[in-house]
Every structure is written in structure tokens, then in C-alpha cells.
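See structure below.
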2 protein chains.
Amino acid sequence: MGNYTGGLSERKKLILKAVVEAHIEGGEPVGSKYIVQSNLLSCSSATIRNEMAELEQLGYLEQPHTSAGRVPSELGYRFYVDSLVEQYANTTRDIVRINQLLKAKMSELDQILETASKLASSLTNYTGIAIKPKVSSVTMAKFELVSIDNRNFAMVMITSGGTVKTKKVKTPAAYSPDALARLSELINSQICGLGADMITLPIIMQLENDMAENAFLVNPAIKAVYEVMNELDGGELRYSGLNRLLDYPEYSDTQHLSNLLGTLENQDEILELVSDPQSDEINVLIGSESPVKVMNNSALVFKPIKKNGRTVGVIGVIGPRRMDYKKVLKTIVEIGVSISNMIDGERALKQGEDNGGDDNG
Amino acid sequence: MGNYTGGLSERKKLILKAVVEAHIEGGEPVGSKYIVQSNLLSCSSATIRNEMAELEQLGYLEQPHTSAGRVPSELGYRFYVDSLVEQYANTTRDIVRINQLLKAKMSELDQILETASKLASSLTNYTGIAIKPKVSSVTMAKFELVSIDNRNFAMVMITSGGTVKTKKVKTPAAYSPDALARLSELINSQICGLGADMITLPIIMQLENDMAENAFLVNPAIKAVYEVMNELDGGELRYSGLNRLLDYPEYSDTQHLSNLLGTLENQDEILELVSDPQSDEINVLIGSESPVKVMNNSALVFKPIKKNGRTVGVIGVIGPRRMDYKKVLKTIVEIGVSISNMIDGERALKQGEDNGGDDNG
DNA sequence: TTTAGCACTTGACCTCAAAGAGTGCTAAAA
DNA sequence: TTTTAGCACTCTTTGAGGTCAAGTGCTAAA
């Protein structure tokens, strides 16, 4: 990219940019006169009108009705955002402040992400999202079985990613402490390192065999392992600042807002959306670029959070299509870097092994 | 109560009930003519008008403006609800279906409550809430320390209530397996059974003393304990069906809706509200009966979930003041019973020490 | 290629009158 | 004493009509 002009004259670009920014700010169609007043250009409104008519024909602008000003089309936003992305791809300034805001009692990733989402929301005035996304190929690194009473024990699992999960297991019959210790031993030696799809029936039968008269403990335990793996696989999705949606007239249509809220709550669609990012850096989905229909009038900006090259979370914001992309991109990039610094200790940006080389624009 | 008439003639009660139900259904002021048409009463509209005028003077009805019909006042709803509460206080039927709906992959209380909230929302068409409420006097029953690597370990804590919580602990220096075992031993003997406010400095210093050269492990561990206790203390609050709020014109005022969403998201106020129920059975807060100002036009119906006499959660719904209390009360009671059955195994309804008796409706 | 000017279109907004719903009150009926 | 019919009154809702301002497209001149 870099010098790719997109087929637009320099003046058209300026006008397009002016229209987009004016519309983002005001929310209303932008007329030729307004552009002239902002004197970014030295020409008359008639000239602007001609240019705008062409921009409309090219698909960058739209006209709600004959005598209204112009509004950016999806393509218009896309053009605008692409130019911004170049600009912000490698921003790392101003992060000090965000670092400070995030630093409060943060130790677990979940908490970091949730706080980050709140932060993103309050800094941008849109709705923030935080996701612990679908992580395929989770394996277990370590098990510990903790007795609660002789019919219940807690299963503590540490995944390859370092996440700790616990699950209470209720056994069909009373067990002895020895049986539990033996089970722990076996699971640690047999199951560790396996993914969900590698724990097959033969392995389970072998376990039952090895447990002899305590075979009844195997099934509930394995079930717990499965459940945890699936839980991790599902991911968790949290929003903050949902009420900020209401600040924008775009969502004054009750039906539309209702649909959006419903979709957001359902989680599945959104999770799928962000679990499969196009870029490892910042992603921007404008309107119908998102496969979720109800988001046709909205935009979604998000950024995967990586640790040692693996995606461990996502942060972002959701808002109207006429989102203040400038502010949002900046904020999300900064928060992203800040989180990376936090969870990776010093070496925040390690050279990716297969992430396709360099990323300095 | 039972036969307490509330000072109203039987006819006034009938009229009040008719007005409330008509308004709940239609959302609009109810005129005298409408009441006549529903022929629950055999008298003319003029008579109804006289009665309604009196009901208004008594404070049970309100008139939005001179030539509109009547709308129930808060007092009117309260009267209506109180009569319903009598009716539903001991319902236990129809629970079979709810039982089935809840039975999917339910093992942990968190999951049960969240699913119950969704269920409540979809059955009533209002917004469902599920809460693991503020539980003061949490103590720890058991600790287990699981090594991750020589600078990190996971702390597994089982509370007096049987909840299992884990916390990752990062140590300021590398530690030996022996040190960890020793720490585990000490914590289990010293901290178990203590509440958050009983872990005092002398105790911590004693621990450090006992750990000798491994004293550096004590502080991070104790910090983790504190964090878990506070977490439990805070409770967790989940909503489902937020979009259903939009089905009601009461929330078409954007500003109002925004405030409500903000309050709901903030959690603190709502948690406090439901953590201190007036009744162990079903609670109904109508409009300004709730101390949360933004809920003046809303109603909150909730029911504590008890296990062995201790409150372990809350389920309920939030909706407009003109809520279909009949349906909601029935639904919440039924879901509540269903959950109780589930988490208590067989003896779902233990003879309350102070819950007062039988319940075969 | 740019600009000035003008006719035209369109949604936003205001006013006004009519319609409709529901009341309170009075006087007659039960 | 209670209920009912009838009527005048009040207030909101709705729609038509008219004005206004914004912004355009187009033409002709610079």
C-alpha cells in the first residue's frame, strides 16, 4: 500500500476526509458550504459540489435525499480507516497514562481484559468489549485433585497457556484418599499434553483399567476435563458501557437497538467474529463487512492480544458506523500495547515465528 | 393478613384489579367504558367513574391528564401485588417443565443461576437477573498450593460454602517445592476458619516467622486470600434479555433507558439492593420503593435462593412498573423452587427453622 | 477548469382545526 | 340512598396546509 492512491485525486481525498470527519462529529449530512467554511481547500462551494457528485458516483458518498448533504458510504469509511490504519499501525506513545489506569490490582488476565474494556469504553464513549477468545488446541499441563469430602473433590487444571481452572466433581460413590492420589497420578501421566480430540475411548478405558476397583472415579473426572476444555474453547465475552450506544441517534430506532442488544448478548456470533481476525494488528469491520446482519449500521474495532505469539484475548469497541475511528484506533492500539507489556513482562513485542515477518509500516 | 380488606369495598377492589390488569396489558390509561365492557361488574360506566374518582382520591389510581383514563399508582400496584403474593406464596405446581428446562448440563451453581436468569427472562419477557450475592462471613475451609513453575504457583481455596476458587500467585523470588509444602501446611492450620477481618497482622507475622528464610512467600499468598474473599463478598451479577426492556414504551425515553443501563452495569447498587431482601420468599420492589432513583419507573421482582438455610444466590426480573406481576411472580417462584430442588438434592424443602411450615398448595 | 447564480427539491417545523376519548356533574330513576 | 343517563367540558392526537432553510444540479460566464 503506502502510496496507493485509490484512484482518487488529492483533492477528492481531502474532501472525502473532510466529509467523513464532519459527519462523525455532527452526525448529519455534510453540505458543500460546510466544507468550504472549514477552509481546508481554497475553492468555491460549486467546485466542491462537483467533486462530491463525482465521489458519490464513485461510491464513496451517499445522499439521503435530493436536497440533503452527503454522508459517507461504507466504502467512504473504509477508505478513511485504511489511511488511518497506516498512520496508527505502530503507535506506541501516550501509553504511560493508560498503563497507570490499568495497573490497579491487575494480576489475572480476565481482570485485565475486563478493566481494559471499561477503559476503552470510557475513553472512546462507545461500548467496550473484552474477550477471552476461542483457543483451539488447548492442552492440559498439570492436574491436581483436592478432596472436599469423600464424595466430592475439586479438580484443578492448569492449561498449556497457564490458565488455572477448577471444577467440582461429584463421585457416584465414596472414595478413599489413596484412590484420589492414584487417580491424580494417572491423569497427570496419561492426559497431560493431550487436546480435547485426543482423549479417546482407549485412553479412558486404560485409565479405568489402571484404577481397578476405583474405576468409578474416572468418568466424572474425564467429564470435568472435557467441560473445562470446552469452556476455554467457548471464550468469554464482556461488554461495558452498553448505555453509551444510546448517545447516538443511529440507535434511536428501538427495533434496531433491540436486535443489536440481543445479538450482543447471544455472544456466539460476536465470538466467532473476533476469534478469526484478519490481521494480528487492529481490525476494523464497517457495516456489512461484518457477517452479522444486525451490525450493518455499526462498526466493530478490535485487536487481538497476544502472548508469546498466541492470541490470549481480544479488546475492542462497538459503535455506530460513523465512529470516531481516529480516536478509537488510537485508543485500542494503545490499550493493546499496554496489556501486552503487562502480561509479557519486559519483552512485549517478540519477533513472530509465523506471523509473517515485520510490521513496521 | 388473609382477610384484611385494605379499607376498600369489594367492588372497588374488583375495579382496581381490572384497571391494573388492563393497564399492564395495554400500557395505556384505562377508561370507565373499558371496565364496563369487560363485564366483570354489572353496573354502568357512570358508577365506575364515581368509584374510580374515589379510588383516585384514596391514592390507588392516577390521572395523567383531565380527559384521560386512569393509571394505577404505585400504591395501586402494591395493593395488587400484595393480593397476588398471598396467592402465589406457596405455589409449587407446574415446576416439572421448568425443571426440565434447567436440567441441561447443570452442575455448578453459577451456571444454574445464569441459566435460570435466561429462563426467567424468556418466560416473562422482561430482563432476567441472576446474582451470587454478597455473602458476609466467608471463611476458608481448605487450601491447596499447586506449583506452576518455580516463580509461580496456583492457590486453590475452598470456602466454607463449598465454592472453589483459584488464584495465580507470582512470587518475588524462586522457591523450592519444600517451601511450598510448608507454606501450604501453615496456611491450612493458621488461616482456615478465619474471616477476612480476622486475618490480622500478628497472624501474618507469625506465618512469616514460621516460614523462616521463605518468608517472602507469605505476603503474595495472603494477598491472594484477601482478593478471593473480597471477590466472593462482591457477588456476581448477570443479566439476560436486556433487549426486552425495549419492548415497553416506558423505556423509549433514551435518557432514562441510558441511565438504567448504566446503573444495571454498575452492579454495586443492584447488588446491595437484592443482598438485603425483606423477605426470604419473593420480593417485589415497585417504583420508588427501591432506593435506586433510576428505577422509579421500573419494578424489580426477586427471590433469594437458599441452601441449608443460607442464601446462596438470587434470581429475578427487572421490567417496567406495569409489569405482569401475575406471570412474573408465578415464574420466579417456580424457578426458585426448581433451583432449590436441584442444589439440595432430595430434601429440597427442609423444615425451616424460621421459614414457617408447609407448602403443598 | 473554476466560479457565480438561479431554479428546484425536499425534509423540518409551525399552526390550526377537527376528531375522539374520557371525564365530572346534574337530574332523574330505582 | 344508590345507580344511571345525558351533556358540557377538557385535553390529546392527527392531519392538512403553508412557510422556511438547506442543499443540490445545471448553465453560463470568467
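Letters A, B, ... are given to chains in the order of the sequence lines, protein chains preceding strands, and every chain is numbered from 1.
Dashed line: the shortest gap from a side-chain N or O of A:Thr47 to OP1 or OP2 of C:dT3 is under 4.0 Å. Residue B:Ser67 places no side-chain N or O under 4.0 Å from the OP1 or OP2 atom of D:dT10. For the OP1/OP2 pair of D:dT24 and a distance below 4.0 Å, the side-chain nitrogens and oxygens of A:Thr66 include no atom meeting the criterion. Neither OP1 nor OP2 of C:dG5 sits under 4.0 Å from any side-chain N or O of A:Arg49.
Across all strands shown, D:dG17 forms a Watson-Crick or G-U wobble pair with C:dC14, both key distances being under 3.5 Å. With both pairing distances under 3.5 Å, D:dA30 is matched to C:dT1 as a Watson-Crick or G-U wobble pair.
In this structure, B:Ser44 and A:Met52 both approach DNA chain D, and ranking their closest nucleotides by distance from the 5' end singles out B:Ser44. DNA chain D is contacted by both B:Ser42 and A:Gln63; B:Ser42 maps to the nucleotide lying nearer its 5′ end (nearest heavy atom per residue).
Distance from the side chain of A:Asn50 is smallest for C:dT3 among the nucleotides D:dT12, C:dG24, C:dT3. The side chain of A:Ser32 has D:dT24 as its nearest neighbour among D:dG25, C:dT10, D:dT24.
Of the charged side-chain nitrogens involved, at least one lies within less than 4.0 Å of a carboxylate oxygen, so that B:Glu334 and B:Lys330 count as a salt-bridged pair. Note on A:Glu269 versus A:Lys293: salt bridge recorded, some NZ/NE/NH1/NH2 to OD/OE distance being below 4.0 Å. Here B:Arg321 does not pair with B:Glu250 in a salt bridge; the nearest charged N to carboxylate O distance is not below 4.0 Å. Taking the charged nitrogens against the carboxylate oxygens, B:Glu62 and B:Arg70 have no contact shorter than 4.0 Å, which rules out a salt bridge.
If you measure from atom CD of A:Glu10 to atom P of C:dT1, you get 17 Å, rounded to the nearest angstrom. Taking atom CZ of residue B:Arg11 and atom C1' of nucleotide D:dT4, one finds them 12 Å apart after rounding to whole Å. Rounded to an integer number of Å, the gap from NE2 of A:His65 to C1' of D:dA22 is 9 Å. In this structure, NZ of A:Lys33 is placed 15 Å from C1' of C:dT3, rounded to the nearest angstrom. B:Arg70 places its CZ atom 7 Å from the C1' atom of C:dT23, with the value rounded to the nearest Å. The distance between atom CD of B:Glu51 and atom P of D:dT3, rounded to the nearest whole Å, is 7 Å. Atom NZ of B:Lys12 and atom C1' of D:dT2 are 12 Å apart (whole Å). Atom CD in B:Glu28 sits roughly 14 Å away from atom P in C:dT23 (whole-Å rounding).
B:Ser45 comes within 4.0 angstrom of no nucleic acid atom, judged by non-hydrogen atoms across all strands. Looking at heavy-atom distances under 4.0 Å, A:Ala46 makes contact with a base.
Partner of B:Tyr60 under the side-chain contact (heavy atoms from CB on, under 4.5 Å) criterion, out of B:Leu55, B:Ile15, B:Val19: B:Leu55 alone.
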